[in-house]
K.L.:
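Sending over a structure as structure tokens; questions will come in a sec.
Order of the sequence lines sets the chain letters (A, B, ...), proteins ahead of strands, with each chain counted from 1.
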There are 2 protein chains.
Amino acid sequence: MRWTDIGDEQCSIARTLSVIGDRWTMLVLREAFLRTRRFDDFQRRTGAPRPLLADRLKRLVAEGILERQPYGSRSDRFEYRLTEKGVDLYPVIVSLLTWGDRWMPGESGPPIELQHKACGRSMHPELACPECGEWVGARDMLATASDR
Amino acid sequence: MRWTDIGDEQCSIARTLSVIGDRWTMLVLREAFLRTRRFDDFQRRTGAPRPLLADRLKRLVAEGILERQPYGSRSDRFEYRLTEKGVDLYPVIVSLLTWGDRWMPGESGPPIELQHKACGRSMHPELACPECGEWVGARDMLATASDR
DNA sequence: TCGCTTGCGTTCTGAAACAGAACTCTCTAC
DNA sequence: GTAGAGAGTTCTGTTTCAGAACGCAAGCGA
């Protein structure tokens, strides 16, 4: 069984995890959202072993989450940028951050701060219903799996 | 280096991943939100090997994300339920589901459906700013890491 | 009473993935 | 011509994993 073969393939959560459900991949995405773009910067900031980083970047590019683009004047230098598909992973990363800040706070306060450009406030985004606009938590929702 | 030692410990995202950043753990949480409570049901529905499932449940209990409670008349039967800390992981699981439904749709439509109890509509929750109420995406936010 | 089943794990073994250091290769700058 | 930066690849011992088998206690039916 491969690393990326997880669960039943029927579930969107399992399919998502088959692409990004790895500790280093998640940290790479964190860095991508913090505007890191180059191999060595990803390596230094995530602490991932170089062979694993190379593999994870390759996978993310293959999945269309990152784009590998030449930069500068040399033909053998590339940078990695989030695609639209990648940018759309924002809620996943933010949710991890929010939960960590709440339940596993570090000693010196949160090292990543989020500010809403429109209103200028620092905050953690929360989930709301796009239909009626109300805030929603787990208890406000009814989840139904079709296979049981 | 241990499985749960990831990154620098300085980052809330890394700390969160050190607890739940594992493919099987995430699937266990998915099931917990779908009201699965017993060992064999977790095993059957996630497909996780039994030894790994035992280990992951143990960790989640140790971290206070699940509670292990006796049920029925026998003293050696336990069920696993989300604590408040566990319930608060809802945005993480929902975000994975939402992204998967959008970018990696299955053939027969989404097998997990979310319905908002209050308004009755089926939808995927989205992120909004708790201060001003506006919807937010990655581009509406400014993320600053204090260490760079 | 004797087997059968259910539920919840643990043990065991070969296979896969990982960690960390070292190495390669190509340009550029001095 | 040599030093250094950038982007990976190779190599090797360690850890984790997958999957099947086993253990064990209680209830159940004949």
Side-chain angles (χ1 to χ4, degrees), chain A residues 1-9 14 17-28 31-32 35-63 66-81 148, chain B residues 1-9 14 17-28 31-32 35-63 66-81 148:
Chain A
M1 200 194 200
R2 285 271 112 34
W3 177 91
T4 49
D5 299 341
I6 180 178
D8 47 27
E9 285 289 315
L17 291 173
S18 75
V19 181
I20 63 161
D22 167 78
R23 46 195 187 289
W24 297 123
T25 303
M26 292 278 200
L27 291 192
V28 166
E31 286 307 314
R35 295 172 294 281
T36 296
R37 293 188 179 144
R38 319 238 268 240
F39 189 93
D40 274 22
D41 290 332
F42 279 113
Q43 202 280 316
R44 220 182 357 268
R45 292 179 179 158
T46 61
R50 302 178 76 81
L52 293 213
L53 177 59
D55 176 78
R56 297 308 187 265
L57 288 172
K58 221 168 276 177
R59 282 183 211 235
L60 287 170
V61 170
E63 290 291 342
L66 294 179
E67 268 177 337
R68 186 166 176 268
Q69 297 178 330
Y71 73 89
S73 52
R74 293 181 53 172
S75 61
D76 62 342
R77 289 300 136 94
F78 300 91
E79 61 182 13
Y80 299 87
R81 288 163 172 270
R148 54 194 83 157
Chain B
M1 200 196 205
R2 286 269 112 36
W3 178 89
T4 48
D5 299 340
I6 180 179
D8 47 27
E9 285 288 316
L17 291 173
S18 74
V19 180
I20 63 161
D22 167 80
R23 46 195 187 291
W24 297 123
T25 302
M26 291 278 198
L27 291 192
V28 166
E31 286 308 314
R35 295 171 294 280
T36 296
R37 296 195 177 137
R38 319 240 267 240
F39 189 94
D40 273 24
D41 291 332
F42 279 113
Q43 202 280 315
R44 223 183 356 269
R45 291 179 180 159
T46 62
R50 301 178 76 81
L52 292 215
L53 177 59
D55 176 78
R56 297 307 187 266
L57 287 173
K58 218 167 282 177
R59 283 182 209 238
L60 287 170
V61 170
E63 290 290 342
L66 295 179
E67 268 177 335
R68 186 165 177 268
Q69 297 177 330
Y71 72 90
S73 53
R74 293 183 51 176
S75 61
D76 63 342
R77 290 298 137 93
F78 300 92
E79 60 183 14
Y80 299 87
R81 288 164 171 270
R148 54 191 88 153

K.L.:
Taking atom OH of A:Tyr71 and atom CZ of A:Arg38, what is their separation to the nearest 0.5 Å?
P.N.:
3.5 Å

K.L.:
Give a yes/no answer on whether the side chain of A:Tyr71 brings an N or O atom under 4.0 Å of OP1 or OP2 in D:dA7.
P.N.:
yes

K.L.:
Grab the two heavy atoms, one from B:Phe42 and one from B:Leu53, that are nearest each other, plus how far apart they are.
P.N.:
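Between these two residues, the closest heavy atoms are CB-CD2, 3.8 Å.
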
K.L.:
OP1, OP2 of C:dA19 versus side-chain N and O of A:Arg23: anything below 4.0 Å?
P.N.:
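Checking A:Arg23 against C:dA19: at least one side-chain N or O falls below 4.0 Å of OP1 or OP2.
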
K.L.:
Do any side-chain nitrogens or oxygens of A:Lys58 fall under 4.0 Å of OP1 or OP2 in D:dA7?
P.N.:
no

K.L.:
Applying salt bridge (Lys or Arg N to Asp or Glu O under 4.0 Å), which residue pairs with at least one partner in residues 69-80 of chain A are found, sequence neighbours left out?
P.N.:
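Sorted pair list: A:Arg74-A:Asp76, A:Glu79-A:Arg81.
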
K.L.:
Counting any heavy atom closer than 4.0 Å, what does A:Arg37 reach on the DNA or RNA strands: base, sugar-phosphate only, or nothing?
P.N.:
nothing

K.L.:
Expressed as a whole number of angstroms, how long is the span from B:Asp41:CG to C:dC8:P?
P.N.:
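Distance check: B:Asp41 CG to C:dC8 P gives 8 Å.
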
K.L.:
I'd like to check the side-chain contact (heavy atoms from CB on, under 4.5 Å) partners of A:Pro49; sequence neighbours left out, ordered by chain and number.
P.N.:
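Scan of A:Pro49 (side-chain contact (heavy atoms from CB on, under 4.5 Å), adjacent residues dropped) gives A:Trp24, A:Pro51, A:Leu52.
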
K.L.:
Is there any protein nitrogen or oxygen under 3.5 Å from a nitrogen or oxygen in nucleotides 22-27 of chain D, and what are the pairs?
P.N.:
{"from": "D:dA26", "atom 1": "O4'", "to": "B:Arg74", "atom 2": "NH2", "distance (Å)": "3.0"}

K.L.:
C:dG9 C1' sits how many Å from B:Arg68 CZ, rounded?
P.N.:
9 Å

K.L.:
Is B:Asp55 salt-bridged to B:Lys58, going by a charged N under 4.0 Å from an acidic O?
P.N.:
no

